[in-house]
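Heads up, the thing below is written out as structure tokens.
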Amino acid sequence: MGRPPKHDADRLLDAAAELLAAGGPAAITMSAVAKAVGAPSGSVYHRFPDRPALLAALWSRALHRFHEELLAVLTIERPEEAIRRGARATLDWALRNPRDAAVLLAGAGDLGERDWSRQAREDTARANAAIQDALTELIARTGDTGPQATDRMLLAAVDLPYALVRRYLRAGQQIPPHAADLAEQAAAALIGANDRSATD
């Protein structure tokens, strides 16, 4: 068997993620990635034909890694548990994967989505649609048909966890382990508030 390539795609993307975490999307250039891994620029161009392709791959890798973990909990049979664990999963994942979390926090727009290939944009759209479908199905499984159902569930499972991740990472701070507990507790409180209002 031949030796694995010294500068494989994942290593280059890891370097790009490090550059983004330290200096934002503008810090990611083909030459900066090459320098970070001690490779000639040609090694980067061999894996990615241009900067938009590199940025699209960086985004896609982070997005799929996160969605894989989030989808696993959003589809848990009991909707209340799925919402609580969905809120927790975001913080747990970001704590374990701060560089990928910084990529997602930057957003596809700041990573030059308009310049990505059509295939890369469609891949992102499919990944986002899968999460949206899971959230829609989760709302339906709660049996809550009230006008606040969608906002309540999205606040619990999406908005509050995202706000916690954003607060720490934007300040350059490590996400503390207790943040996941807080996200889950907040989700449980929102679900409990809904249950109480239904019986009043």
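Please read these numbers as outputs of a predicted model, since none were measured by experiment.
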Which pair of heavy atoms, one from [X] and one from [Y], lies closest together, and at what distance?
X    : Y    : result
A179 : Y168 : CB-CE1, 4.3 Å
R47  : D8   : NE-CA, 4.2 Å
A94  : A101 : CB-CB, 3.8 Å
S41  : A34  : CA-CB, 3.8 Å
L71  : A130 : CD2-O, 3.9 Å
L160 : A186 : CD1-CB, 3.9 Å

Check whether any side-chain heavy atom of [X] sits under 4.5 Å from a side-chain heavy atom of [Y], and report yes or no.
X    : Y    : answer
R88  : D181 : yes
F48  : V33  : no
D123 : H64  : yes
L111 : V103 : yes
L190 : I83  : no
R65  : E69  : no
L135 : I131 : yes
T90  : F66  : yes

Applying a strict under-4.5 Å side-chain criterion to I, L, V, M, F, W and Y, I'd like to know whether [X] and [Y] cluster together.
X    : Y    : value
W93  : L13  : yes
Y162 : I175 : yes
L95  : L70  : no
I28  : M30  : yes
L164 : L154 : no

Short side-chain to backbone donor-acceptor contact, R166 and L105, under 3.5 Å: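 No, because the side chain of R166 does not come within donor-acceptor range (under 3.5 Å) of the backbone of L105.
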Donor-acceptor pair, side chain of S60 and main chain of A56, under 3.5 angstrom: no
Does this structure show an ion pair linking [X] with [Y], if we count only N-O contacts that are shorter than 4.0 Å?
X    : Y    : answer
R84  : E80  : no
R121 : E113 : no
D115 : R51  : no
D14  : R61  : yes

Take a 6.0 Å sphere around [atom1] of [X] and say whether it holds more than 12 heavy atoms from other residues, nucleotides or ligands.
X    : atom1 : answer
Q173 : CD    : yes
Q148 : CD    : no
E68  : CD    : no
R170 : CZ    : yes
Q174 : CD    : no

From [atom1] ([X]) to [atom2] ([Y]), nearest 0.5 Å:
X    : Y    : atom1 : atom2 : answer
M153 : L138 : CE    : CG    : 4.5 Å
W59  : L54  : CH2   : CG    : 14.5 Å
L58  : R99  : CG    : CZ    : 12.0 Å
R126 : L63  : CZ    : CG    : 11.5 Å
H67  : N128 : NE2   : CG    : 5.5 Å
T29  : L55  : OG1   : CG    : 10.0 Å

